[in-house]
Each structure stands twice: as C-alpha cells, then as structure tokens.
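Report on one structure; see the data block that follows.
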Amino acid sequence: MLKDKIYKDIKSGLRQLRLRINKNYTVEIPNVAEHGDFSTNAAMLNAKANNMNPRELAEKLVEILAKSKSYKSVEVAGPGFINFKLSKSVYHKALAEIVKAKKTFGSSDYGKGKKILLEYISANPTGPLNVVSARAGAYGDSLHRIMAFVGFDPFSEFYVNDAGNQVDILAESLEIRYRELHGDPLEEFPTEAYHGEYIKDLAVMLNSVDGSKLFHIAEKDRLERMKDFALEEIHKMQVESLNRFDVNFDNWMSEKKLRLEGILEEALSYLAEAHCTYEKDDAVWFSSSQFGDEKDRVLIKTDGNPTYLVPDIAYHLTKYQRGFDVMIDVLGPDHHGHVAKLKAALIALEMEVDRLEVVYLQHINLLDNGEIIKMSKRTGKIITMDDLIDEVGKDAARYFFLNRRPSAHLDFDMELAKKKSSENPVYYCQYAHARIHSILKKAKKEKISLKDYDIKNLKKLDKPIELDIIKKMLELPSLLNACADHREPHRLAGYVHELAGMFHKYYAKYKIVDADHKELSQSRMYLISAVKNVIAISLDLMGISAPEKM
RNA sequence: GCGCCCGUGGCUCAAUUGGAUAGAGCAUCUGACUUCGGAUCAGAGGGUUAGGGGUUCGAGUCCUCUCGGGCGUGCCA
C-alpha cells in the first residue's frame, strides 16, 4: 500500500521532468536500515532511457519528491538510488488500517478474478497417501488459500487414475489376499502386485461384506467387484487422510469417468484430424517429435489398449474446455519426462500451451536421528501421510513442508518437528500468538481494554522496534501477491517466523501492560493485537492453527 | 549420451526475482527466570554463494563452460 503510493509519486515526478518513462523501476524495502524505509532504482533505470547521468536525474527527482509531507527525508545514495524515510505518523495511520481490516488485512482483488486450476497430489488410488503427497497437499492447499485471498479464483482438483493397468493389478492383489483368507494362498506373492498390509485389511473388510460368495461368480465379475471395492475404500482412506491434513479439493476427477464419456476417443480423433498420428508395428503413434519431444510416442499399444498418455491428453483437453486462464500441474520430479509429451500434444492440437504451468516438487528425505529413513514400495515399508501426522502433528508437518521452496529438495527432520521448544519454528510462531492472547487477557484483569482507546495516542509508539513491527506487518499484502504470482507459499512461512521473532524481542524488552501508564499500555496492546491478527492470518493461509493456549 | 532440477557458514534453509554490507534457525560457546507465558530473550564465533569466463552502473540471482548430486529419457503410470 505504501509502496504503491511511492511508486505513483515517482511517476508523477518523472512526468514533471518531461522524461521518457521506463516503468520497470521498483520500490523496495532496503535490507539495510540506514538506507531508509523504502528505496527506488527509478533514477538508474530512467537515466538510460533519457541518456542522462543517474545521480543527476536522482537529484532532480528528489527536489520534487521532497516537497511531499509524507516523507521525512528523500535522499540520493550510491550510484543513484533514492531513499525515502517516512514520518512516524504515516506508520501510525497504517497500523490503524491494519486493525480496522481485521481478518481481511492482506486480502485484495489483485488477482482480478483470474480462473486458476490447481491440480495437485493426484496420487494413484492404489494405496494410502505417502509423504510426497503430503508435501504436495500442503503446497497446493496453501497456494489455493493464498490465491483466493488475493483475488484469484482458484479451483483445486485431484485427478484419480482409477482406470488402466495399475488398478487391474490392485484388483488382482486384493484377490490374492482374499484367497489367502479362505485358505488358498499363493506359493509366491507376485513382485508386481501391491504388498502393503492395507490390502490384507481390505480383504478382511470385503470378506465381512461378501463372505465367500465371490468364489461362485465368474472371474471377470469377481475382479470387477474387487476393483470397485478397493477403489472405493482406498478413496475413502485418502479423503480421510486429507481431511486430517486440512486439505480440501473442489473436485475429484475420475479417469474412469472420463473414459466412459468417450473423451479418449475424442482426443485421439482430434490428433488424427491434425494429421499427427500414424500406424506402425501394429500400434498407433503420435508424431510428437514434430512438436518438441525427443521422439514419437505410442498412443495405442499392440494389444489395443491406450497408453497412459491418451487419458492424460484427454484430461488436459477438459481443462482447456473448462475455460481456465491458467492451469497449474503440481508434479513430482519423476514426471518431467512426461510433460514434454503432453505439451507436444497440446501444441499439435493448437492449444495455448503457455497457459499450462508445471511446478515440480522435489523429493523428501525423512530423517530420524539424522539418519535417512529408507522406504521401499516393494517390501511395503513406507511412511504414510497418516504416520507423519500421528508422529509430528498436522501443524508441524505443514509448516515444515511449506518452509522450503518447491524446487528445493527437502530433508524432513522428524525429531525437530516433534520438539516443543524454540528450536521448532512452528511452536515459535504459535507461541507468539498464544502469548499475545495471554497478555491481552491479563490486561483485561487489570481493567485495561481497548474499548476507550483513542488512536491519537498511537504517537506513543515511538520505539524503533515498534515502528519496525508495523513496517513488517505492512509487508504482508505485497508478500502475498508475490507468493501467488510465483507460486511460492514458502515465503509466508519465513515471514511469519520473522514477525513472531520481532514480537518476542519486543516483549522481552518492553512491558506492555502497565497499570500506571494506561495510554501507553493501550497503545502497545493495540500494536500487539495487530500482530496477533497478522500471525493468525498468515498461519491460516498455511493451514496451520493459531492457538490461544498451548 | 541427451533433457530437467539442485549446489549458499558444520547441518537445514532464506535472500523482496538484477539492487547497496548474503540473512535466519539448528549445533557450539557466554549470559538473563521473586517481573505481562523461559515453548522466551541478549551476545559471540562461523562465508571467495562448487569453480572459471561473460553480460552491466550493479550478479547468489541472467548467459556460457567445468565439476558434483538427484530425477527422467518404456507399447509402466
């Protein structure tokens, strides 16, 4: 908000100087306090466009800008930066705005209602969700919340691969376990089948519903029943895990349903119409190498079944048909080979491929006492999302996932996440919130409240750290915009930690509630209640609770 | 081989997307509880941003090469 104002002031200054304006200049908060509250590179960027010396242009701009009452000082520095210092009263007014905005502080119409499709997790419906899904869930759900908060229109979707090869194997795996229950075990469990214990649980459940009657129907019907049962139960499991993790989807898109709607054939016929399919070796190929892929890909296998590429193309066509401005696929790092093929198809079909964005979330190492926990799908030794939530809790898990850039590999220290001390950043943030609540409660006991507070007394907030805290809070709106623009919710995790830290320092240094100085106490309470609010907003956007007691 | 991602104090990560003196936490060391929640605070040490070259007023960030790590490169999904 303050940034925008300064940006505009500079623009009008440049106009007054009758210069050609390069609008790419920025207004930033310097990381060195001596450089002022804000600084701009406007003179440097515009000097070039007007063939001037940067410092000379800066001097002229300063002359104009210094006339405004909002600025305590405007100075030229270094190679041509212009540094602004704002009057305290500007910050006091801004603080009142934050308090007035309550839970809407930081929200805006910045996204202009742009329709965004967020597809994430999309784990196979063949087992419980794992920690990779947990990271994707934390990431996608928080991005969704942030985007909605700053005025985009996000829509989250989980794509369920409930058709094709892997669900056939799922049905077969269940059948093996079902037979075992009835005293008919296989000598050797097939390596490609699913080994997890949960399949045995499913067999028991199925048995309690259907008993032995599945032996008396045709194999095809039996496997179909197995498949439907397993898919439904696993879906329920996944939804339950996601609920525990506070991750919600606007839509679950079923591949099976897409297939029934004939959309695969539709996609294939579009590709054929575009003359980029051909037959070779009894298979149908897509000439994807014409569209940026390394080589051509098979669409229909010699056995007559489509490869996974076909439903995926079809699914993405539905995304385009549904009219989203931007489509974001959140994928694991093992999928990037796949995107080239998909994009080739979209280009072939003359779709605006730039509207499809792919975010790759990197792998996770779970650490226990500094040791990487080795996981193996084959032996069924995996740590599930539920295990993780049981171990460290939802809040800690979400924070740890969100504290990293999506493109960064992540070492998840389970010991640290479990700790209830300052070493653990989640508790550090939550503690600040709880502490503020407690202080305000204490004030109430001493009969000091904000009900009769006159904001004229805000001028009593004159300590540097008090102004720093206000400045930090004022960063939230543009920070959230940046999180949304760059699809990087991790910035918010760092931000809330910084703000919490400033509060803890403040608390240690200054007494907030002091019955002998009512107006000062009220002013400080006013400040920290704003901090409480901003922490709560930030944590909520990350799907983390803001407790009043811990 | 080719493609994508990554490389920042001992460890895990930031760095306002090209800005000024690269910041936090953990770990280590020193201090602070008869005081609003010590789940906290004050302080110290620790860096040639893997390495070379380039682009420009200015590079951890962009380009290029080299080295190292991860992933991909199926008629599996």
Side-chain angles (χ1 to χ4, degrees), chain A residues 3 26-32 34-35 39-41 44-45 47-48 53-55 77-81 83 124 126 161 164-167 169 192 255 281-285 294-295 297-303 305-309 311-312 332-340 358 360 362-363 367 370 400 403-405 407-413 416 419-425 427-428 430-432 434-443 445-446 475 478-479 482 485-486 488 490-491 493-495 497-498 501 503-514 521 524-525 549-550:
Chain A
K3 268 188 192 177
T26 54
V27 177
E28 276 156 10
I29 299 169
N31 43 26
V32 186
E34 291 84 69
H35 293 152
S39 79
T40 182
N41 57 1
M44 278 132 84
L45 285 180
K48 198 180 249 176
N53 175 314
R55 281 200 64 110
F81 288 103
N83 296 337
N124 279 335
T126 52
N161 298 105
N165 209 10
Q166 79 278 3
V167 286
I169 295 171
E192 72 276 8
E255 177 183 344
D281 306 331
D282 293 327
V284 178
W285 293 71
E294 304 174 350
K295 57 178 194 178
R297 307 291 171 178
V298 171
L299 294 172
I300 305 289
K301 299 185 268 187
T302 43
D303 67 4
N305 289 313
T307 62
Y308 70 94
L309 187 55
D312 218 44
D334 49 338
H335 279 78
H336 61 242
H338 162 64
V339 171
V358 182
Y360 299 102
Q362 294 298 316
H363 276 304
L367 301 182
F400 274 62
N403 198 21
R404 273 116 181 121
R405 218 189 312 129
S407 60
H409 293 253
L410 189 156
D411 281 7
F412 193 113
D413 186 338
L416 179 60
K419 278 189 188 168
K420 302 199 170 180
S421 73
S422 60
E423 296 160 49
N424 186 337
Y427 287 94
Y428 187 81
Q430 292 181 319
Y431 183 56
R435 200 178 219 180
I436 292 172
H437 181 78
S438 163
I439 295 167
L440 295 174
K441 217 166 75 181
K442 195 214 164 196
K445 263 189 207 157
E446 302 202 8
E475 287 177 31
S478 58
L479 179 92
D485 279 342
H486 298 285
E488 288 184 346
H490 76 276
R491 300 164 185 228
Y495 171 83
H497 190 260
E498 281 171 25
F503 163 72
H504 285 309
K505 282 185 181 64
Y506 178 53
Y507 166 85
K509 194 165 177 186
Y510 297 104
K511 184 133 181 97
I512 290 161
V513 179
D514 180 353
S521 297
R524 290 180 171 172
M525 285 160 58
K549 267 189 206 159
M550 293 172 70

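Every chain is numbered from 1 and lettered A, B, ... according to where its sequence line falls, protein lines coming before strand lines.
Looking only at distances, no side-chain donor or acceptor of A/N124 sits under 3.5 Å from a matching main-chain atom of A/N161. Remark: the backbone N or O of A/N305 is paired with a side-chain donor or acceptor of A/D303 at under 3.5 angstrom. Looking at A/H497, its side chain never comes within 3.5 Å of a backbone N or O of A/Y428 through a donor-acceptor pair. Although no hydrogens or angles enter the test, the distance criterion places no donor-acceptor pair under 3.5 Å between the side chain of A/T307 and the main chain of A/I300. Distance alone, capped at 3.5 Å, is enough to place a donor-acceptor pair between the A/R524 side chain and the A/K511 backbone.
Set against B/rA14, B/rU12, B/rA39, the side chain of A/H490 has B/rA14 as its closest nucleotide. Among the nucleotides B/rC41, B/rA77, B/rU40, the one closest to the side chain of A/K301 is B/rA77. Proximity note for A/A434 (side chain, C-beta onward) versus B/rG37, B/rC41, B/rU73: the nearest is B/rG37. When distances run from any side-chain atom of A/R435 to the nucleotides B/rA42, B/rG37, B/rU12, the shortest one goes to B/rG37.
To the nearest 0.5 angstrom, A/R404 atom CZ is 7.5 Å from A/D411 atom CG. A/F81 CZ to A/N41 CG: the interatomic distance, rounded to the nearest 0.5 Å, is 6.5 Å. Atom OG1 of A/T26 is separated from atom CG of A/L45 by 7.0 Å, given to the nearest 0.5 angstrom. If you take OG on A/S521 and CD1 on A/I439, they are separated by 11.5 Å, rounding to the nearest 0.5 Å.
The residue A/K442 sits close only to the backbone: its heavy atoms come under 4.0 Å of sugar-phosphate atoms, none of a base. When heavy atoms are screened at a 4.0 angstrom cut-off, A/N403 is found touching the sugar-phosphate backbone but no base atom. Residue A/Y510 is in base contact, counting any heavy-atom pair closer than 4.0 Å across all strands shown. Counting any heavy atom pair closer than 4.0 Å across all strands shown, A/A283 reaches a base atom. Within 4.0 Å of A/L299, counting heavy atoms only, lies no atom of the nucleic acid at all.
Rounded to the nearest Å, the gap between the C1' atom of B/rC6 and that of B/rU61 is 14 Å. Nucleotides B/rA32 and B/rG38 have their C1' atoms positioned 10 Å apart, rounded to a whole Å. Using atom P as the reference point in both B/rA24 and B/rG45, the two lie 13 Å apart (nearest Å). Between B/rC71 and B/rC75, the distance separating the two C1' atoms is 23 Å to the nearest Å. If you take atom P in B/rA50 and the same atom in B/rA22, they sit 15 Å apart, rounded to whole Å. Separating the C1' atom of B/rC29 from that of B/rU48 is a span of 27 Å, rounded to the nearest Å. Between B/rU12 and B/rU66, the distance separating the two C1' atoms is 28 Å to the nearest Å. Annotation: B/rU8 and B/rG1 have their C1' atoms spaced 31 Å apart (nearest Å).
Rounding to whole angstrom units, OH of residue A/Y428 and P of B/rG38 are separated by 13 Å. Atom pair A/R55:CZ and B/rG58:C1' shows a separation of 15 Å (rounding to whole Å applied). Between A/D312 atom CG and B/rA77 atom C1' there is a gap of 9 Å when expressed in whole angstrom units. When rounded to the nearest whole Å, the span between CD of A/E475 and P of B/rA15 equals 13 Å. As a whole-Å value, the separation of A/W285 CH2 from B/rC75 C1' is 7 Å. Per the geometry, CD1 belonging to A/I512 stands 17 Å off P belonging to B/rU35, to the nearest Å. Distance A/Y507 OH to B/rA39 P: 10 Å, rounded to the nearest Å. To the nearest angstrom, C1' of B/rC36 lies 11 Å from OH of A/Y431.
The aromatic rings of A/Y506 and A/Y510 sit tilted, their planes meeting at an angle between 30° and 60°. Taking the six-membered ring where the residue is Trp, A/F412 and A/F400 present tilted rings, their angle falling between 30° and 60°.
In the interface, the side chain of A/Y308 is paired with the base of B/rA77 through a donor and an acceptor atom under 3.5 Å apart.
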Tabulate atom names and distances for all N/O pairs under 3.5 angstrom spanning the protein and nucleotides 60-62 of chain B.
none

Each nucleotide N or O in nucleotides 3-5 of chain B that has a protein N or O under 3.5 Å away: list the pair and distance.
{"residue": "B/rG3", "atom": "N2", "partner": "A/H336", "partner atom": "NE2", "Å": "2.4"}
{"residue": "B/rC5", "atom": "O2'", "partner": "A/Q362", "partner atom": "NE2", "Å": "3.2"}
{"residue": "B/rC5", "atom": "O2'", "partner": "A/S407", "partner atom": "O", "Å": "3.4"}

Distances under 3.5 Å between protein N/O atoms and the N/O atoms of nucleotides 19-24 of chain B, please, pair by pair.
{"residue": "B/rG19", "atom": "N7", "partner": "A/N41", "partner atom": "ND2", "Å": "3.2"}
{"residue": "B/rA20", "atom": "OP2", "partner": "A/N31", "partner atom": "OD1", "Å": "3.4"}
{"residue": "B/rA20", "atom": "OP2", "partner": "A/N31", "partner atom": "ND2", "Å": "3.1"}
{"residue": "B/rA20", "atom": "N6", "partner": "A/S39", "partner atom": "OG", "Å": "3.0"}
{"residue": "B/rA20", "atom": "N6", "partner": "A/N83", "partner atom": "OD1", "Å": "2.6"}
{"residue": "B/rA20", "atom": "N1", "partner": "A/N83", "partner atom": "OD1", "Å": "3.3"}
{"residue": "B/rA20", "atom": "N1", "partner": "A/N83", "partner atom": "ND2", "Å": "3.3"}

Under-3.5 Å N/O pairs linking protein and nucleotides 28-30 of chain B:
none

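The environment of A/N53 atom CG is dense: over 12 non-hydrogen atoms of other residues, nucleotides or ligands sit within 6.0 angstrom.
For the residue pair A/H504 and A/Y431, the shortest heavy atom distance occurs at CE1-CD2, 3.4 Å. Smallest separation of non-hydrogen atoms from A/S478 and A/K3: OG-NZ, 3.9 Å.
With sequence neighbours left out, A/Q166 forms a side-chain hydrogen bond (donor to acceptor under 3.5 Å, both in side chains) with no residue at all.
Contact annotation: A/K549 does not reach the phosphate of B/rA39 (side-chain N/O to OP1 or OP2, under 4.0 Å). OP1 or OP2 of B/rG37 has not a single side-chain nitrogen or oxygen of A/K441 nearer than 4.0 Å.
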* To do: I would like to know whether A/V358 and A/H335 meet side chain to side chain contact (heavy atoms under 4.5 Å, CB included); could you show each step before the answer?
  => CA-CA 10 Å; A/V358 182; A/H335 279 78; over 6 Å; no
* Structure fact -> Secondary structure of RNA chain B per the Watson-Crick/G-U criterion (both distances under 3.5 Å; [ ] crossing, | other strand, . unpaired) is (((((((..((((.....[...)))).(((((.......))))).....(((((..]....))))))))))))....
